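Before any comments, here is the structure.
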There are 2 protein chains.
Amino acid sequence: MNEITVCIVDDNRDLRLALEEIIGMSDGYQCIGTMSTPKEAMEKIPKLCPDVVLMDINLNSDESGIDCVRELKPKVPRTNFMMCTVYEEDEKIFEALRAGASGYILKKTAPAKMLEAIKDLHEGGAPMSSQIARKVVFTFQHTPDPRNQQGIDDLSNREKEILELLSKGLMYKEIAAELYISQETVRKHVYHIYEKLHVNNRVAAVNRFFGREAL
Amino acid sequence: MNEITVCIVDDNRDLRLALEEIIGMSDGYQCIGTMSTPKEAMEKIPKLCPDVVLMDINLNSDESGIDCVRELKPKVPRTNFMMCTVYEEDEKIFEALRAGASGYILKKTAPAKMLEAIKDLHEGGAPMSSQIARKVVFTFQHTPDPRNQQGIDDLSNREKEILELLSKGLMYKEIAAELYISQETVRKHVYHIYEKLHVNNRVAAVNRFFGREAL
DNA sequence: ATGAAAATACCACTAAAGTGGTATTGGATG
DNA sequence: CATCCAATACCACTTTAGTGGTATTTTCAT
């Protein structure tokens, strides 16, 4: 059967044990590891690859829970991170979501609701208050639409690679060095990229790359 | 006392009347207008400036409820738009949020919950399902952080203006024409912009402008 | 296996961007 | 009032970008 595997990262021993027990006792959930520091989490979580990580947002450490998520998420992209916090600290929660977390719960939440939130998270939801959702929506609204990336898929892989470097502001010379090819080849690739995207300069190409409107 | 003023846009007469009655009967809520077409909404809503608009997502018209929000929101930025939909049509809801709506409700929602959602919306929340929230969060995570706009505020207004045009991919010549100044002046402004932002080419400057990482 | 597309490379040329200097004006600020 | 700065303008020069041509090799699908 498919239990939801969970790890807990919290420097408070009592809370850690309490959470572990709640999860361990519940059907359909399994606690496969607990950690008390970001360092420990950085080591163990990539090996355990849990479905869900409950991460204290305020770890007493040189590294916050938020930073820990930022570093871990790319390494275990299929793991969902749920932040645990005592108060509704909007700014920190917002930060954590940006860093790669997908939801949060208050520590005072009742066990049943907590398990429900974990399930929700695991099934593709993002448990959060309506207020936080609004902040996220606001940012989202003022963001370019990635579907405006017209023509990007017509590019070959090499061309996409070059466009990416181009978009970082590198010169032909630098791109050539980076890819171990001649500057003239880069130039030619760029020439084709422009043709395919119907643009005629770097900035326009980069804007397309980032899904911003052409002119 | 401060009642929440509401407008309803829906082409179904029965539903419109039902909603109007629910809202009208409830303490703290006031329905100040109903409209059945996007056209009508475009005319009346800017005059009424309601706190909240309930907008049917699937209007039977040449213009959808989503497009209607897209056009109206900039005109009445302090009005919050709530989409009304029969099913959980993820894609459409997502679209509507991008277009400027701040939440949605299902039409089958019980009156009490509906009023609660309207209140939540008006108080700065964004009522939506956890699944939709997750989609929004995902997009948000893959978006640059506007706080990375380091150095932009050191620019003079003119310089910001020029950076904006630069970021659209215009040439010096075009910017000069746009602003009725000489190309050499543009060149000089850009020179100063680069100095202030510690960059040395357009793409890097544009990346800074859009809050993306320097190198 | 053969033809198409992609990746590589080089060349010649034009256009645009970037560097850095000088200089004038008008407004703000001490 | 003196001074600083933003905005304007012009110049000379170097570097980089963009256009468009040819040509070879690899890769991949028909």
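Predicted model only: the values in this text are computed from it and were never measured. The chains referred to below are lettered A, B, ... by the order of the sequence lines, with proteins before strands, and numbering in each begins at 1.
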Of all the choices, C/dA16, D/dG18, D/dG20, which nucleotide is nearest to the side chain of A/N201 once you look at every atom?
-> D/dG18
Ignoring hydrogens and geometry, is there a side-chain-to-backbone donor-acceptor pair from B/Y194 to B/A205 under 3.5 Å?
-> no
Which nucleotide, C/dA12, C/dG18, C/dA16, lies nearest any side-chain atom of B/V190?
-> C/dG18
Once you round it to whole Å, what is the distance between C1' of D/dT16 and CD of A/E184?
-> 12 Å
What donor-acceptor contacts under 3.5 angstrom involve side-chain atoms of residues 120-127 of chain A, with partners at least two apart or in another chain?
| unit_1 | atom_1 | unit_2 | atom_2 | d |
| --- | --- | --- | --- | --- |
| A/D120 | OD1 | B/S130 | OG | 3.0 |
| A/D120 | OD2 | B/S130 | OG | 2.6 |

Using atom CG of A/N200 as one end and atom P of C/dA16 as the other, report the distance to the nearest whole Å.
-> 10 Å
Listed nucleotide nearest any side-chain atom of B/H189, set C/dT19, D/dA7, D/dG18 | D/dA7
For C/dA9, does OP1 or OP2 lie under 4.0 Å from any side-chain N or O of A/T185?
-> yes
Please list, one pair per line, the donor and acceptor atoms closer than 3.5 Å that link side chains of residues 172-181 of chain B to other protein atoms, with sequence neighbours excluded.
| unit_1 | atom_1 | unit_2 | atom_2 | d |
| --- | --- | --- | --- | --- |
| B/E174 | OE1 | B/M171 | N | 2.8 |

Spacing between B/H192 atom NE2 and D/dA7 atom P, to the nearest angstrom = 10 Å
Atom CG of B/L155 and atom CD1 of B/I193: how far apart are they, to the nearest 0.5 Å?
-> 6.0 Å
Is there a side-chain contact between A/E159 and A/K196 (heavy atoms, below 4.5 Å)?
-> yes
Over 12 foreign heavy atoms within 6.0 Å of NZ, B/K119 | no
Indicate, with a heavy-atom threshold strictly under 4.0 Å, whether A/Y194 touches base, sugar-phosphate, or nothing.
-> sugar-phosphate
Ranking D/dG18, D/dT22, C/dT19 by distance to the side chain of A/R202, first place goes to D/dG18
Send over the distance from B/I181 CD1 to D/dA6 C1', rounded to a whole Å.
-> 12 Å
Indicate, with a heavy-atom threshold strictly under 4.0 Å, whether B/S182 touches base, sugar-phosphate, or nothing.
-> sugar-phosphate
So does A/Y191 get a side-chain nitrogen or oxygen closer than 4.0 Å to the phosphate oxygens (OP1/OP2) of D/dA17?
-> no
Does the ring centre of B/F81 sit less than 6.0 Å away from the ring centre of B/Y104?
-> no
B/R187 CZ to D/dC11 P, in whole Å, measures 12 Å
Atom CD1 of A/I193 to atom C1' of D/dG18: distance rounded to whole Å?
-> 13 Å
Report the distance from atom CD of B/E195 to atom P of C/dG18, rounded to the nearest whole Å.
-> 14 Å
Rounded distance in Å - CD (A/Q183) to P (D/dG18) = 12 Å
Residues in residues 154-163 of chain A with a heavy atom under 4.0 Å of DNA chain C, by number, are A/S156, A/R158
Which nucleotide in the set C/dT19, D/dG18, D/dC10 lies at the smallest distance from any side-chain heavy atom of B/K188?
-> D/dC10
